[in-house]
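Values below: all heavy atoms of this structure, side chains included; hydrogens, waters and symmetry mates excluded.
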Amino acid sequence: MSKPPTIDRIAEYQGKRVVIRGWLYNKRHSGKIWFLLIRDGTGIIQGTVSKKDVDEETFEICSRVTMESSLQIEGVVRRDERAPGGYEIQIERIEIVQIAREYPIAKKEHGVGFLMAHRHLWLRSKKQVAIARIRAEVVRSIRDFFDRNGFLLVDAPILTPTSVEGTTTLFPVEYFDRKVYLTQSGQLYNEAAAAAFGRVYCFGPTFRAEKSKTRRHLTEFWMVEPEVAFIDLDGLIELAEELIVSIVTRVLEERRRELEILERDLTHLEKVKRPLPRISYDEAVKLVQQQNPDFKWSDDFGGRDMTIISEQFDLPFTIHHFPVSTKAFYMKVDRKRAELSESFDCYAPEGYGEIIGGGMREDDYDRLLKRIEEEGLPKGVYDWYLDLRRYGSFPHGGFGLGLERTVAWICGIHHLRETIAFPRLIDHVSP
RNA sequence: UCCCCGGUAGCUCAAUCGGCAGAGCGGGUGGCUGUUAACCACUAGGUUGCAGGUUCAAGUCCUGCCCGGGGAGCCA
């Protein structure tokens, strides 16, 4: 398929006549010369229209055309230091597709509420385009990483009969004459797939009906979840670290321009190489207790505690061996210290918080059954899950990486809502 | 679910002690042959979130409601 000229590759067309289809990003004029800034989704380029070079109608179109009008321009690409980006198009012909009505989003600052209400238009702005491209690059690098390392993509169902972890709130869905739920994790299914294929991963949307109202939460978000047979906790953490390094390296290689548009400080990202720091829950508790004496062993880290810990690191870091009481029923109990689980979380630096949660899965039938009973979970729905421990049980584990949190950290974006095209929040489902 | 902050022009905000509702941007008109969120001049634009109350007088004070933002818990 031959590609038409696009603005990101405009340098290849220097001295040549091109046709660009797109939208008017901005315009300026100075008497007898117009500067039209045109965007086509791949970039923005300045077009010049001189009164002496074009017919009267073309020149007149410039004064009529409004911001975000759709149009087609034809002209010759020239190198010019005065143009933003170093190239411009000397326009000879303009064809209007549609004159846009007064565009709601101005070139000045806007409040978040207003922008969220106009998310469908906000997506056109420079920063939002850059974030979307980085997100796509992160997705691509994740898929490449697993595909290269012998993992099979086995996607888990979206509609599930019950909770994976029993605790978190689920979105109910009418399913013919019964009720099912939107998935909150593909993990249990991944474990079945791991027994069939060895190394697997799923990558799709997940849903949490938690009434969280913070910049770190969406009700609908994307998660990649690998699950590996015959691995141990060390191997699992190593896999998580390699994944993080691989994502960051790829974005630095392929999306440097977008990171610059976002004014991301690259020194933080360029340091992301193995070995990455790891500390045990025991050690983390000691750190926290220095500044928060009320913190008890077996507590989960709150926002303030997490800040205390993360100030110690300027790289992504791992905390491992959490108390059994803080983790889900399926986490494997440490055979040497029964109060600990073989679990770990990875945190992004710079205050971005948890991006990965995972661990080894309980592979002993009796222990798992006991945990299900202890948690008061309905035993019937886990029959098939227990089967995995009846028929060739095997040491295995996995983790989930939150896509939006990872993208927010890499982009240096404050709020998760900008890392997905159409975010779903507790009080926001439109557009 | 709880705590905090806010709602004034299309947008972002100002309005002193309760005393004539304003600016910038955006829109419109005109000017300028190299602009960079261009600039300059003129111009139009208001149920001050809603309902009630206090007062000679309410954007401002009081009560209730609605909407938005930020944070906590929980988590990726």
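When distances run from any side-chain atom of A:N26 to the nucleotides B:U35, B:A37, B:G26, the shortest one goes to B:A37. For A:T214, whose side chain is taken as the heavy atoms from C-beta onward, the closest listed nucleotide among B:A76, B:G31, B:G73 is B:G73. Closest to the side chain of A:Q46, out of B:G34, B:G31, B:G71, is B:G34. Checking B:C11, B:C32, B:A76 against every side-chain atom of A:F114, the shortest atom distance belongs to B:C11. The side chain of A:P84 has B:U35 as its nearest neighbour among B:U35, B:C11, B:G34. Comparing B:A76, B:G70, B:G34 by their nearest atom to the side chain of A:A83 picks out B:G34. Checked against B:C75, B:G34, B:G70, the side chain of A:E88 finds its nearest nucleotide in B:G34.
Among the protein residues, A:H428 comes within range of no part of the nucleic acid, since none of its heavy atoms lies under 4.0 Å from any strand. Note on A:S30: a base of the nucleic acid sits closer than 4.0 angstrom, heavy atoms only. Contacts of A:L218 with the nucleic acid, taken as non-hydrogen atoms under 4.0 Å apart, include base atoms. Nucleic acid contact for A:G353: none, since no nucleic acid atom lies under 4.0 Å from a heavy atom of the residue.
For the pair A:L425 CG and B:G69 C1', the computed distance is 12 Å after rounding to whole Å. Counting to the nearest Å, the C1' atom of B:U35 and the CD1 atom of A:I44 are 15 Å from each other. The separation between A:K32 atom NZ and B:G30 atom P is 14 Å, rounded to whole Å. Taking atom CZ on A:R417 and atom P on B:G69, their separation rounds to 7 Å, with Å as the unit. Going from atom CG of A:L121 over to atom P of B:C11 covers 14 Å, rounded to whole Å. What separates NE2 of A:H118 from P of B:G26 is a distance of 18 Å, to the nearest Å. The nearest whole Å value for the distance from the CG atom in A:D345 to the P atom in B:A76 is 7 Å. Note: CZ (A:F207) to C1' (B:C75) measures 16 Å, nearest angstrom.
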B/S/- along nucleotides 1-8 of chain B (protein heavy atoms under 4.0 Å) is B-------
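Not counting sequence neighbours, A:H320 has no partner by the ring pair (Phe, Tyr, Trp, His ring centres under 6.0 Å) test. In this structure A:F151 satisfies the ring pair (Phe, Tyr, Trp, His ring centres under 6.0 Å) test together with A:F146, sequence neighbours excluded. With sequence neighbours left out, the ring pair (Phe, Tyr, Trp, His ring centres under 6.0 Å) criterion links A:H29 to A:W34. In this structure A:H118 satisfies the ring pair (Phe, Tyr, Trp, His ring centres under 6.0 Å) test together with A:F114, sequence neighbours excluded.
Screening A:Q46, A:R124, A:K126 for a side-chain contact (heavy atoms from CB on, under 4.5 Å) with A:Y25, the sole residue that qualifies is A:K126.
Here the closest heavy-atom approach between residue A:D345 and residue A:G357 is recorded as OD1-CA, 3.3 Å. Of all the heavy atoms in A:E342 and A:D334, the pair that sits closest is CG-CA, 4.2 Å.
Rounded to whole Å, the P atom of B:C61 lies 16 Å from the corresponding atom of B:C20. Atom name P, nucleotides B:A37 and B:G26: the rounded distance is 12 Å, in whole Å. B:U48 and B:A58 are spaced 11 Å apart, taking the C1' atom of each and rounding to whole Å. Comparing the C1' positions of B:G45 and B:G10 gives a spacing of 9 Å, expressed to the nearest Å. The same atom, P, is picked in B:G59 and in B:U47; the two are 14 Å apart, to the nearest Å. As rounded to the nearest Å, B:A21 and B:A9 have P atoms that lie 15 Å from one another. Taking atom C1' on both B:G18 and B:U54, the two are 12 Å apart, rounded to the nearest angstrom. Taking atom P on both B:A76 and B:U60, the two are 47 Å apart, rounded to the nearest angstrom.
Nearer to the 5' terminus of RNA chain B, by closest-nucleotide assignment, is the contact made by A:T66 (compared with the other of A:T66 and A:L403). Residue-to-nucleotide proximity on RNA chain B shows that, of A:R28 and A:K52, the 5′-proximal contact is made by A:K52.
A donor N or O paired with an acceptor N or O is found under 3.5 Å between the base of B:C75 and the side-chain atoms of A:H217.
An OP1 or OP2 oxygen of B:G71 is reached within less than 4.0 angstrom by a side-chain nitrogen or oxygen of A:R215.
In this structure, a donor-acceptor pair under 3.5 Å is present between the side chains of A:R78 and A:Q90. Defined by atom type and a distance below 3.5 Å, a donor-acceptor pair is missing between the side-chain atoms of A:Y330 and A:E191.
Using a cut-off of 4.0 Å between Lys/Arg side-chain N and Asp/Glu carboxylate O, A:R148 and A:E242 are scored as not salt-bridged.
For RNA chain B, if you chain together Watson-Crick or G-U pairs that step i with j, i+1 with j-1 and so on, the runs of at least three with distances under 3.5 Å are B:1-7 with B:66-72, B:10-13 with B:22-25, B:27-31 with B:39-43, B:49-53 with B:61-65.
With centroids closer than 5.5 Å and planes inclined by less than 30 degrees as the test, A:F35 and the base of B:G34 fail to qualify as a stacked pair.
Here the two rings, on A:Y201 and A:F145, have centers that are 6.0 Å apart or farther.
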Quiz item: Are A:S280 and A:E283 close enough, and set up right, to give a side-chain hydrogen bond (donor to acceptor under 3.5 Å, both in side chains), and what steps lead you there?
Solution: CA-CA 5 Å; A:S280 67; A:E283 292 168 312; 3.2 Å; yes
